[in-house]
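Throughout, protein chains are lettered first and strands after them, A, B, ... in sequence-line order, and every chain is numbered starting at 1.
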Protein chains: 2
Amino acid sequence: MNGKESTEQKILKAAMVIFVQKGRHGAKMQEIADAAGINKAMLHYYFRNKEKLYAKVFHNVFAKIFGSLHKIFETDESFENKLTNFIDQYTRLIAENQQIPLFIMREISEGAEELKPIFNEILEEKKFALPITFIETINNSIQKGEIRKIDSRQIFITIIGSVVFYFIAEPILSVLLKVDPDFQRENFIEERKIIVVDIILNGIKP
Amino acid sequence: MNGKESTEQKILKAAMVIFVQKGRHGAKMQEIADAAGINKAMLHYYFRNKEKLYAKVFHNVFAKIFGSLHKIFETDESFENKLTNFIDQYTRLIAENQQIPLFIMREISEGAEELKPIFNEILEEKKFALPITFIETINNSIQKGEIRKIDSRQIFITIIGSVVFYFIAEPILSVLLKVDPDFQRENFIEERKIIVVDIILNGIKP
DNA sequence: GTCTATAATTTGATAGAC
DNA sequence: GTCTATCAAATTATAGAC
């Protein structure tokens with residue numbers, strides 16, 4: 001966290017912002033260079049071409065959102081506490097990186113063939129402690145009788161969806177539901193955490 | 001549904017497929033022309049330029065996914081029946097147009113300035129019977145004591161998210177959760193309908 | 001209305017001086 | 001390592017014949 005940032009770092013940082021916002025094709029090299037405060041030729045000097053820069057960014061973004069949080073499920077807490085902690089922290093993580101989920105889904109569904117190698121490579125790197133430990137936790141709780149016998153994958157999707165969907169759809173939802181982005185947003189999100197835990201726990205308890 | 005389709009219709013149909021799949025920038029005019037089985041010059045003849053064609057497509061797509069289904073909430077059924085019907089039919093609608101939710105969210109969040117006029121114009125057209133009637137229904141049920149007193153907007157988001165999220169995230173989820181796209185997918189979605197109704201109803205009942 | 005050929009523009013990539 | 005100037009390729013848009 002030194003005052004001077006290497007050029008490579010500046011590029012990666014700027015590229016992440018632009019790519020996440022505009023997508024692979026919407027992002028322009030010139031715009032990234034401007035955002036990084038350097039010259040367009042530097043992008044090629046450090047990353048050879050747009051594709052390679054994009055791949056690097058995608059990798060970083062992916063790791064950022066999947067590489068953490070599984071530790072919550074590796075404690076001895078009750079399921080209720082684990083879930084409460086997870087939703088609290090995951091909501092925070094997503095709120096701080098609001099555009100990332102949409103970016104990842106968009107790029108994967110759009111990228112089709114060309115992106116699959118990158119995607120699979122990342123999958124190999126065991127970044128996926130999160131879904132695995134989460135689902136194991138659910139299964140354990142089912143066996144202990146803390147949760148009704150429901151397909152744990154479906155519970156997992158419902159929980160993640162309940163947290164993530166709001167942030168993906170916020171541009172529409174805020175208009176539809178008349179949530180003032182500047183004033184009420186933070187309260188709405190805090191309220192949301194509590195309600196999601198509440199609905200899910202009541203929804204799956206025996 | 002005549003055998004011969006007007007050229008304009010052929011273009012719009014093809015453009016929708018390509019734009020929804022590849023996004024505004026990923027889609028190329030040549031590709032759209034090929035898909036429509038006509039010449040590239042025709043696109044300009046009918047729609048002047050790419051932006052206007054895109055705007056038309058966006059409008060159509062938006063209407064397709066928001067213009068229906070509110071009638072479910074205008075019946076005298078119990079809340080439980082309404083919700084069951086809604087989730088069943090909305091799941092079907094999304095499954096048949098799987099790429100549309102992601103497309104809409106991506107384009108709105110990406111389009112920023114240029115897209116807002118289109119978006120607002122569509123909003124004016126009262127296509128939004130769905131969220132309004134849905135939320136009113138929830139509020140009524142709360143007053144009747146069929147549902148606990150929870151912010152109806154939060155319930156709305158949770159329900160829509162539970163239905164839509166799976167389809168948005170399917171490319172990732174199917175890998176993570178090892179759902180075979182060809183073999184198990186349909187069963188998984190049918191199972192999902194039942195479980196979502198189950199979790200939500202138990203989650204919000206008094 | 002529809003096509004082919006071509007212009008105009010955008011944008012990724014490189015050469016070469018410093 | 002960094003920059004300016006320039007090239008090459010891709011892509012949108014138009015002209016003009018039929």
Side-chain angles (χ1 to χ4, degrees), chain A residues 2-61 103 106-107 110-115 117-118, chain B residues 2-59 103 106-107 110-115 117-118:
Chain A
N2 195 316
K4 42 186 162 183
E5 217 174 359
S6 77
T7 301
E8 190 170 342
Q9 278 307 313
K10 282 197 289 188
I11 292 173
L12 277 174
K13 207 167 155 184
M16 184 180 288
V17 173
I18 305 290
F19 271 125
V20 166
Q21 197 178 350
K22 309 241 172 135
R24 175 156 50 159
H25 296 101
K28 305 302 174 193
M29 296 294 264
Q30 184 62 58
E31 197 179 357
I32 293 171
D34 293 346
I38 50 95
N39 192 280
K40 200 175 57 167
M42 288 288 92
L43 300 181
H44 292 89
Y45 177 78
Y46 280 98
F47 295 92
R48 189 88 187 159
N49 59 36
K50 186 179 179 181
E51 242 185 275
K52 287 195 169 52
L53 175 57
Y54 172 81
K56 186 78 181 165
V57 166
F58 184 80
H59 187 283
N60 289 352
V61 167
F103 168 77
R106 154 179 69 184
E107 299 301 310
E110 180 181 324
E113 299 315 310
E114 317 124 65
L115 207 67
I118 307 175
Chain B
N2 196 316
K4 42 184 162 187
E5 218 174 358
S6 76
T7 301
E8 190 171 341
Q9 279 305 314
K10 280 196 289 190
I11 292 174
L12 278 175
K13 206 167 156 184
M16 183 179 290
V17 173
I18 305 290
F19 272 125
V20 165
Q21 196 177 350
K22 309 239 173 139
R24 177 157 47 161
H25 296 101
K28 305 302 174 195
M29 295 294 266
Q30 184 64 58
E31 198 179 356
I32 293 171
D34 292 346
I38 50 95
N39 191 280
K40 201 175 53 164
M42 287 288 92
L43 301 181
H44 292 89
Y45 177 78
Y46 280 100
F47 295 93
R48 185 91 188 159
N49 59 35
K50 187 179 179 181
E51 242 185 275
K52 286 194 170 53
L53 174 57
Y54 172 81
K56 186 77 182 169
V57 166
F58 183 81
H59 186 282
F103 169 77
R106 152 177 73 185
E107 300 300 311
E110 178 181 327
E113 299 315 311
E114 318 124 64
L115 208 68
I118 307 175

NA contact type, [X], heavy-atom cut-off 4.0 Å: base, sugar-phosphate, or nothing?
| X | answer |
| --- | --- |
| A:Met42 | base |
| A:Asn39 | base |
| A:Ala33 | nothing |

Rounded to whole Å, how long is the line connecting atom [atom1] of [X] with atom [atom2] of [N]?
| X | N | atom1 | atom2 | value |
| --- | --- | --- | --- | --- |
| A:Lys50 | C:dG12 | NZ | P | 4 Å |
| B:Glu8 | C:dG1 | CD | P | 9 Å |
| A:Glu31 | C:dT10 | CD | P | 15 Å |
| A:Asn49 | C:dT14 | CG | P | 8 Å |
| A:Leu43 | D:dC3 | CG | P | 11 Å |
| A:Ile11 | C:dG12 | CD1 | C1' | 15 Å |
| A:Tyr45 | D:dT4 | OH | C1' | 17 Å |
| B:Arg48 | D:dT14 | CZ | P | 6 Å |

If the cut-off is 4.0 Å, is [X] near the phosphate of [N], judged by side-chain N/O to OP1 or OP2?
| X | N | answer |
| --- | --- | --- |
| B:Tyr46 | C:dG1 | yes |
| B:His44 | D:dT14 | no |
| B:Thr7 | C:dT2 | yes |

Non-hydrogen side-chain atoms of A:Leu53 and A:Ile11 separated by less than 4.5 Å
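In short, these two side chains touch, coming nearer than 4.5 Å.
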Is any side-chain heavy atom of B:Phe103 closer than 4.5 Å to a side-chain heavy atom of B:Met16?
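Of all side-chain heavy-atom pairs linking B:Met16 with B:Phe103, none is under 4.5 Å.
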Evaluate the criterion side chain to side chain contact (heavy atoms under 4.5 Å, CB included) for residue pair A:Tyr45 and A:Thr7; output intermediate values, then yes/no.
CA-CA 11 Å; A:Tyr45 177 78; A:Thr7 301; over 6 Å; no
Closest-nucleotide ordering on DNA chain C, the 5'-leading residue of A:Ala41 and B:Ala41:
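Result of the comparison: B:Ala41.
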From NZ (B:Lys40) to CD1 (B:Ile38), nearest 0.5 Å
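Nearest 0.5 Å value for the NZ-CD1 distance: 11.0 Å.
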Can you tell whether the side chains of B:Glu51 and B:Arg24 come within less than 4.0 Å, N to carboxylate O?
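Salt bridge flag = no for B:Arg24 with B:Glu51.
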